[in-house]
Structure formats: structure tokens, C-alpha cells
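Worth knowing before you read on, the calculation uses all heavy atoms, side chains too, and leaves out hydrogens, waters and symmetry mates.
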Number of protein chains: 2
Amino acid sequence: MASAIEVIAEVGFAQASLARIAAHADISKGVISYHFAGKEELMVEVVERTYGAIAEHVLTKMQGLQSATELLRTHVLSVAEHMRGHRTQLKALGEIFTNLRTADGKLRYGIKASEPTYLALEGIYRLGQESGEFRDFDVRVMAVTHSSAVDTMFAYWMAHPGHDLDAHARELADLLERACVT
Amino acid sequence: MASAIEVIAEVGFAQASLARIAAHADISKGVISYHFAGKEELMVEVVERTYGAIAEHVLTKMQGLQSATELLRTHVLSVAEHMRGHRTQLKALGEIFTNLRTADGKLRYGIKASEPTYLALEGIYRLGQESGEFRDFDVRVMAVTHSSAVDTMFAYWMAHPGHDLDAHARELADLLERACVT
DNA sequence: CTAGATTTTGGCCGTGCGGTCAGAAATTGA
DNA sequence: TCAATTTCTGACCGCACGGCCAAAATCTAG
């Protein structure tokens, strides 16, 4: 499966054929079909494993925090921290999230698959509004914006390796916080 | 070419074969090869025409404005306005921007192709800092965040047709402004 | 009206895709 | 040691891809 991640990250989802993945792993294509019901299942496995790792990392970092401001800042910074150590996996995750389609042509993930992330982020922003830390605003718009800003921070850093990911994360945390405060 | 836009918007870039595009236009595949040097050139034509239309619309709306705050708000609102009237074209544009690759497998566009947009947005934010309207912050991070927030506003609206695009745009303009003010 | 130019058709090509599976190789447990 | 089981190989399959091109159809200018 590590080969699937590396090939997808390197050549993109569309060019990540079973032949290329198998060649990269130095195995036969038939091994993939033997272990997975199909290419889609392989991809789903990659997503679940990779996504689970991010979620675990971020949740661990946010454990025990009570302030909405701290939670929001920790979310951005801890995702960036995880990104730095897992660039190949996250690249592959993004490719699959954006492109994987089911047999009937529909997107398997796509933006609707971000709903759990949106709900979690809304929870943080709503907590801030309830505690008085934050002003009144549309938490859905803020959650959608927050999520996309984090994704693009990664994409930008991937395209510009010299870019300071942590500085970007701090700056992003600042602007998200300032957008909310009373 | 309208057929290319509609097919790409409907089934996604990867499934938008020349056969499907031709069938949608009720023409033969050979016509495409006759008029365009290849599939890539057809896609580039779609991008240039569609992107040019957005740029023209937004620039027209921003003409004569002097306040950085007005410029930033007008950018967000006028892009949303254009989106409402060109959802199919913008869907196709996004698909091509994200997925089109050259013969040697490299992304034709990708995030580096957003550099002109980033530079333009940086100009607005820098103007605000120079005039005293805005505080001191990393204009590149703000530009990258602004651009991705606008793109995701569209993607979210495409996935949730009941979502109020204009309300989202106003809310986004608010949070971008608040993130910047002194 | 017609020759020449332009546009279109649709079958064909080589290539690559995901998936299959008979048989080989490796592993396991008694 | 060996039968049974598991894992792997790699050739093969039908399908779809982008692109090509000879021939047909349409258009244009004189």
C-alpha cells in the first residue's frame, strides 16, 4: 500500500495505474487483485489509513484545551505539523479525495466528504461564540473557509518547497482568529 | 467547445473523452482533431476563454475603486456574481486547472498557475497596508487563503445548490476584511 | 455549374487500462 | 516430510483511450 501512496503522490491519481503501483512495489499486478476487491478498495484503504492518522494526531493535540481560540490555533498548527512529516501520504490523500470515482462515475469523496470536518470546525467556532470569545458570524462559512485554507496551505507548500509551512500556519491561525474576535 | 465545457462539468476531466465530447456536440471525433492540435489544445482553449471572462468581469467591477477594503470586498462579491451566471464553465475550468497534464505527465496548470491571481490579490492587501486601512501581515498567506476561500465557496455551492452563494460571499468578504483591519 | 478548398465522417491504429485466473512458488501445520 | 493452504506470477482478456486519415460531403469563388 505504501507503493500506492508513493505512486499516487508522484504521478497523480489518473496516472496511478495498477501496473505502475505494482511495478513500484516490485510485485505482480495480480497481488493487488488478490488482496483488494479492486482498485477502488485499495484507494479507500489508503484514504482511511491516512485520514485516520491525521485525525488522531490533531485530536491528541487538541485534548484538554478549552478555549475556542486555543482549539482553532491548535487545529491549524497541528495539521501543519502532521503535514510536514507526511507529505507523500497527504499528497496521495488529496489526489484520491478529489478524483476517486465509483463504478457508476460518481465522485467517491469530493467536497461532501468534508462534512465531518466542517461539523467539527463549526463546533469550535460555535463554542467561541457561546463563550464570548468570538463575535457573531456564519460558522458554516468560517468552517468551509478554514478547511480550504488549510488544504491550500499544504498544496502551496508542496508546490513551493522553500515556503515556510510553520510560518504559514501561524499566519493563517492569526488571520482566522482575527476574523472571529469580538 | 461548449460541449467540451458541458461534458467536463458533468462527468469530470478524467471521464471527458474526445468520444464523449464529440457525441455531446453531435459531431465526429475527427472534427476535434481537425480544429485542434490535440485534446490538450482544446482544454487550453477552454481555460483561456473561461478564465478571460472572469478576469474581465472582475476587473470591470473593480475599475475606479481606491479603497483596499472596497477592492477586496468587490473582488469576492464580483467573482461570486460571475459564478452564479457561469456555473458550468467554472466547474469545467476547475476540473481542467486541477487535472490537465502535458504529454510528459506534468500538470499543465496546478497551483503555480494561480501565481497571477496571488500577485493581484497581494497588490490589494499591500495597498491596504500602505494606506493604513490594514494591519501588518503576510500578504502572500492572505492572498493564497483568499483565493482558496473563493474557489471553495464555489465548490461548496456546486455541491449544495440550496446554499446562498451571495450570502456566503458577503460573509467571506466580512471575515477577510476583519482578518486585516488595524 | 464546377473545380478547388474546407470540413466532416467513421473506421482503424497502437497503447494502456482494470481485472482474471491457471499454474507456480512459498508457507504452514501436522 | 508432505499435503493443504496461501500467496504470487504474468499472460491474457475485453474495453476505452487519443489520434490518424482516406473518402465523402459541404462550401465557396469564379
Under the rule for ring pair (Phe, Tyr, Trp, His ring centres under 6.0 Å), what residues qualify as partners of [X], not counting sequence neighbours?
X	value
A:Phe137	A:Tyr125
A:Tyr109	A:Phe97
B:His163	B:Tyr156, B:His168

Query raised in the report: Under 4.0 Å: is that the gap between some side-chain N or O of A:His35 and OP1 or OP2 of D:dT6?
Result: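 For D:dT6, OP1/OP2 do not have a side-chain N/O of A:His35 under 4.0 Å.
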Requested in this report: Linking directly or through intermediates, with side-chain heavy atoms under 4.5 Å: list the remaining ILVMFWY members grouped with B:Leu119, chain and number order.
Outcome: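 Via sub-4.5 Å side-chain contacts, B:Leu119 links to none.
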Requested in this report: Give the other cluster members for B:Val181, using side-chain heavy-atom distances under 4.5 Å between Ile, Leu, Val, Met, Phe, Trp and Tyr residues; answer none if it is isolated.
Outcome: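 Hydrophobic cluster check, B:Val181: no partners found.
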Report task. Please report how far the helix from C:dC1-D:dG30 to C:dA30-D:dT1 bends, comparing the axis fitted to its first five pairs with the axis fitted to its last five, to the nearest 10 degrees. Result ->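 Angle reported: 10°, given to the nearest ten degrees.
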Distance-only criterion, 3.5 Å: show the donor-acceptor pairs between side-chain atoms of residues 32-41 of chain A and protein atoms not counting sequence neighbours.
| unit_1 | atom_1 | unit_2 | atom_2 | d |
| --- | --- | --- | --- | --- |
| A:Lys39 | NZ | A:Ala16 | O | 3.0 |
| A:Glu41 | OE2 | A:Ala37 | N | 3.4 |

Report task. Can you sort out the partners of A:Asp166 under salt bridge (charged side-chain N to carboxylate O under 4.0 Å, His left out), two or more places apart, ordered by chain and number? Result ->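 Expected list: A:Arg84.
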Query raised in the report: Does B:Glu115 pair with B:Arg140 as a salt bridge, N-O distance under 4.0 Å?
Result: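 Salt bridge: yes.
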Query - Nucleotide interval of DNA chain C bounded by contacts with chain A (heavy-atom cut-off, under 4.0 Å) - result: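 So the contact region on DNA chain C extends C:dC17 to C:dC21.
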Query - Pairs touching residues 71-80 of chain A that satisfy side-chain hydrogen bond (donor to acceptor under 3.5 Å, both in side chains), sequence neighbours left out - result: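 Pairs touching residues 71-80 of chain A that pass the test: A:Arg73-A:Asp174, A:Arg73-A:Glu177, A:His75-A:His146.
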**Report entry** Under the side-chain contact (heavy atoms from CB on, under 4.5 Å) test, residues paired with A:Ala179 that sit two or more places apart
**Finding:**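 Testing A:Ala179 for side-chain contact (heavy atoms from CB on, under 4.5 Å), a comparison that skips the adjacent residues, returns A:Met142, B:Leu175, B:Ala179.
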Requested in this report: Using a 4.0 Å cut-off on protein heavy atoms (strictly under), produce a 5'-to-3' string for nucleotides 9-25 of chain D with B for base contact, S for backbone-only sugar-phosphate contact, and - for none.
Outcome: BB------SBB-B----
